Amino acid sequence: MGEKFDVIVIGAGPAGYVAAIRCAQLGMKTACADEWIGKNGKPALGGTCLNVGCIPSKAMLESSELYENLSEHGKLHGILTGDLGADVPAMVARKDKIVTELTTGIEGLFKANKITWLKGRGRLLPDKHVEVTAGDGEQTSHAAENVILATGSTPIDIAAAPMQGDRVVDSAGALDWTEVPARLGVIGAGVIGLELGSVWRRLGSQVTVLEAQDVFLPMVDQQVAKDAFKQFGQQQMDIRLGARVLSTEVGKKAITVSYQDDKGDQKLVVDRLIVAVGRRPNSDGLFDPGAGLLTDERGLIHVDEQCRTNLPGVYAIGDVVRGPMLAHKGSEEGVMVAELIAGEYAAVNYDAIASVIYTHPEIAWVGKSEQELKHAGEKYKVGVFPFAASGRAKAQAESQGMVKVITDAVTDRILGVHIVGPKASELIMQGVIGMEFEASAEDFARIVFAHPTLSEALHEAVLASEGRALHIPNRAPRKRA
Ligand code: FAD
Ligand code: AMP
């Protein structure tokens, strides 16, 4: 029998490592088990997010965007760049360096907080015992007062497009190519498919995205989604909706993707293919059946609003439970659970969690979309301000897109903020803070915004919802009351 801990966390992604740090800060003797092996063959902390997710994808998005800005938009700013080239292996190496710096940074934080890193695969046994199997097969067993399951998720693979070396890949594989494929297919126009498709399109691939659903980004406010769709089209990103992939044939030279749309059977020939059709929770083999842990039919661990499972003293957080598969959602659940274990009050406001798609244009939203409110029969007001009327956006040559604010027609509270355009990922947090403080449209209207900033677009969108925007002609406020 190994050591006894106050808390053992299984999984060291943004949910698990944050939970472990907060538990340690609150004075608990904490261990964290993780089985991730990094690109250098050594155990690495940080999970999907740091190793193959949020951070490496943003590193590649940033490099490819800078390249496209210089090659395509430099002239517009009077910058003459001459012959410009993309050194893709150098981009990938930069990305890998960032990953190593951040994952070793978490290692440092574990040491500073005296968290025991149990390297290997964790399994929950009855009575809050945790068995850890190291890479060499050696098993240890540890007891804990509390266990936090934070094992995250893995890409879904579909029989219609099985992985094949570096030619048919999942999101992790698509972050490691060192050559630009001439023709790239992407299955799935979700967040990950759009981000990775954008990286390779900017570097020179001709990108075709096949999406089974007829509606583009159904979880996004449709006015914003339609604007984004138009902008992707202008970039020659070919997004085919209502296109269900049925099979793929990997030939010596090319990959033939067979799909069906409303016109019948179709074929797409590409050099490389990214399968980005969603992620499934990592709960297989995570617990001994005798432990009695409840999961649903998709493998998500059953939890209440405060991430308690059906077993006393056992919690589950992050991608392995219900809710959006987002790093910041998992981290805040980690903090909440640590504080609950310490006997404090803690909660996560699931109504004010921002979602972001880091493409160009960026797309970001929080709260309810107009279609959701309409469907629910709510009374609301809408204000839209186009970046075309923002001085700062014009100065940046980024004047496409909009900020859309939806307010409650009765209480004046902000119900949703939806942005497509420059720095949407940063702007959205103003909406989140406003909603978190239950701000009214009037509160926002009275704030003095610095000029010239992109943030003024949010201010003006709120004013537009009252029919009193200053820098666009006001239409009668669009109301559903
Ligand atoms: P994970 O990060 O998946 O970590 C789980 C950890 O548990 C892993 O290290 C795994 O090895 C380990 N593990 C699993 N089972 C066991 C076991 N039995 N024993 C020991 N260890 C185990 N989200 C955002 O918010 N913003 C973004 O920009 C963003 N971009 C993304 C881009 C890509 C390409 C991808 C793939 C994902 C992106 N995500 C993004 C999603 C984000 O990565 C996840 O929501 C987040 O990582 C979930 O955190 P987690 O801690 O629940 O799980
Ligand atoms: P997300 O879950 O946001 O990562 O998005 C994954 C997308 O992949 C969803 O929009 C699905 O509709 C889409 N998808 C799943 N299976 C297929 C398929 N066989 N062909 C085309 N698109 C698919």
Side-chain angles (χ1 to χ4, degrees), residues 9-19 32-38 43-58 60-61 103 118-124 130-133 149-156 158-161 170-172 174-175 185-196 199 209-219 240-248 257 259-261 274-287 316-321 323-331 333-334 353-358 425:
V9 184
I10 306 182
Y17 83 71
V18 168
C32 183
D34 195 282
E35 63 172 349
W36 195 280
I37 301 295
L45 297 168
T48 304
C49 171
L50 263 58
N51 289 284
V52 293
C54 322
I55 300 297
S57 62
K58 263 81 262 177
M60 292 300 285
L61 279 159
T103 54
L118 303 168
K119 293 174 188 148
R121 185 169 176 78
R123 188 156 161 268
L124 178 70
V130 172
E131 173 191 84
V132 179
T133 309
L149 305 170
T151 47
S153 63
T154 348
I156 293 175
I158 48 172
D170 60 16
S171 53
L175 289 164
V186 179
I187 309 180
V191 179
I192 293 174
L194 291 172
E195 288 187 0
L196 295 176
V199 166
V209 185
L210 301 174
E211 167 54 55
Q213 300 189 77
D214 296 323
V215 178
F216 183 58
L217 296 174
M219 67 292 199
R240 300 184 190 168
L241 300 175
R244 172 162 291 279
V245 174
L246 301 174
S247 65
T248 43
V257 184
Y259 67 94
Q260 223 163 36
D261 63 14
I274 303 174
V275 182
V277 294
R279 299 179 63 83
R280 63 182 169 79
N282 289 330
S283 57
D284 285 355
L286 171 61
F287 53 93
I317 57 175
D319 280 10
V320 79
V321 302
M325 286 187 171
L326 294 169
H328 43 290
K329 173 260 188 189
S331 295
E333 288 179 334
I353 296 178
S355 295
V356 180
I357 308 179
Y358 295 81
S425 58

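Residues take their numbers from the sequence shown, with the count starting at 1. Treat the numbers as computed from the prediction; the structure is a model and nothing was measured. Just follow the structure's listing: the first ligand is 1, and inside any ligand the first atom is 1.
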Closer than 4.0 Å to some heavy atom of [X] - which atoms of ligand 2 meet that?
| X | result |
| --- | --- |
| G278 | 2 (O), 4 (O), 6 (C) |
| A243 | 20 (N), 21 (C) |
| G190 | 3 (O), 5 (O) |
| I187 | 18 (C), 20 (N), 21 (C), 22 (N) |
| G188 | 7 (C), 8 (O), 13 (C) |

Which ligand 1 atoms does [X] reach within 4.0 Å, using its non-hydrogen atoms?
| X | answer |
| --- | --- |
| A15 | 50 (P), 51 (O), 52 (O) |
| G47 | 2 (O), 4 (O), 8 (C), 9 (O) |
| C49 | 2 (O), 43 (O), 47 (O) |
| Y358 | 28 (O) |
| S57 | 32 (C) |
| G318 | 52 (O) |
| A150 | 5 (C), 7 (O) |
| V52 | 34 (C) |

What residue and atom, counting heavy atoms only, is the protein's closest point to [atom], and at what distance?
| atom | answer |
| --- | --- |
| atom 14 (C) of ligand 1 | T151 O, 3.2 Å |
| atom 44 (C) of ligand 1 | D319 OD2, 3.3 Å |
| atom 41 (C) of ligand 1 | M325 O, 3.7 Å |
| atom 33 (C) of ligand 1 | G53 CA, 3.4 Å |
| atom 11 (O) of ligand 1 | W36 CE3, 3.4 Å |
| atom 9 (C) of ligand 2 | E211 OE1, 3.5 Å |
| atom 19 (N) of ligand 1 | G122 N, 2.7 Å |
| atom 26 (N) of ligand 1 | C54 SG, 3.8 Å |
| atom 12 (C) of ligand 1 | D34 OD2, 3.3 Å |

Please check this pair: side chain of [X] against backbone of [Y], looking for a donor-acceptor N/O pair closer than 3.5 Å.
| X | Y | value |
| --- | --- | --- |
| D34 | L45 | no |
| T151 | G11 | no |
| E333 | G318 | yes |
| T48 | G53 | no |

Using the rule given for side-chain contact (heavy atoms from CB on, under 4.5 Å), can you reason through I357 versus L217, listing the C-alpha separation, both sets of side-chain angles and the distance that settles it, and then say yes or no? CA-CA 10 Å; I357 308 179; L217 296 174; 3.9 Å; yes
Return the option from L217, L210, L241, V277 holding the heavy atom at the smallest distance from atom 14 (N) of ligand 2. V277
Nearest non-hydrogen atom to atom 20 (C) of ligand 1 belongs to which of G120, A174, G46? G120
Using a heavy-atom cut-off of under 4.0 Å, does the side chain or the backbone of [X] touch ligand 1, or both, or neither?
| X | answer |
| --- | --- |
| R123 | neither |
| I192 | side chain |
| I10 | side chain |
| K58 | side chain |
| S153 | backbone |
| S171 | side chain |

Which atom names give the shortest non-hydrogen contact between I353 and K329, and what distance separates them? CD1-CG, 3.9 Å
Minimum heavy-atom separation for A189 to F216, with atom names? CB-CE1, 4.2 Å
Go through the steps to decide whether R123 and T133 satisfy the test side-chain contact (heavy atoms from CB on, under 4.5 Å), and finish with yes or no. CA-CA 8 Å; R123 188 156 161 268; T133 309; over 6 Å; no
Return a yes/no value for A212: is any of its N or O atoms, backbone included, closer than 3.5 angstrom to an N or O of ligand 2? yes
Evaluate V245 for polar contact with ligand 2, using N/O atom pairs at a separation under 3.5 Å. yes
N or O contact, N282 vs ligand 1, cut-off under 3.5 Å: no
Going through the checks in order, is the side-chain contact (heavy atoms from CB on, under 4.5 Å) test met by K58 and E195? CA-CA 9 Å; K58 263 81 262 177; E195 288 187 0; 2.8 Å; yes
A276 and ligand 2 - part of the residue with a heavy-atom distance under 4.0 Å: backbone
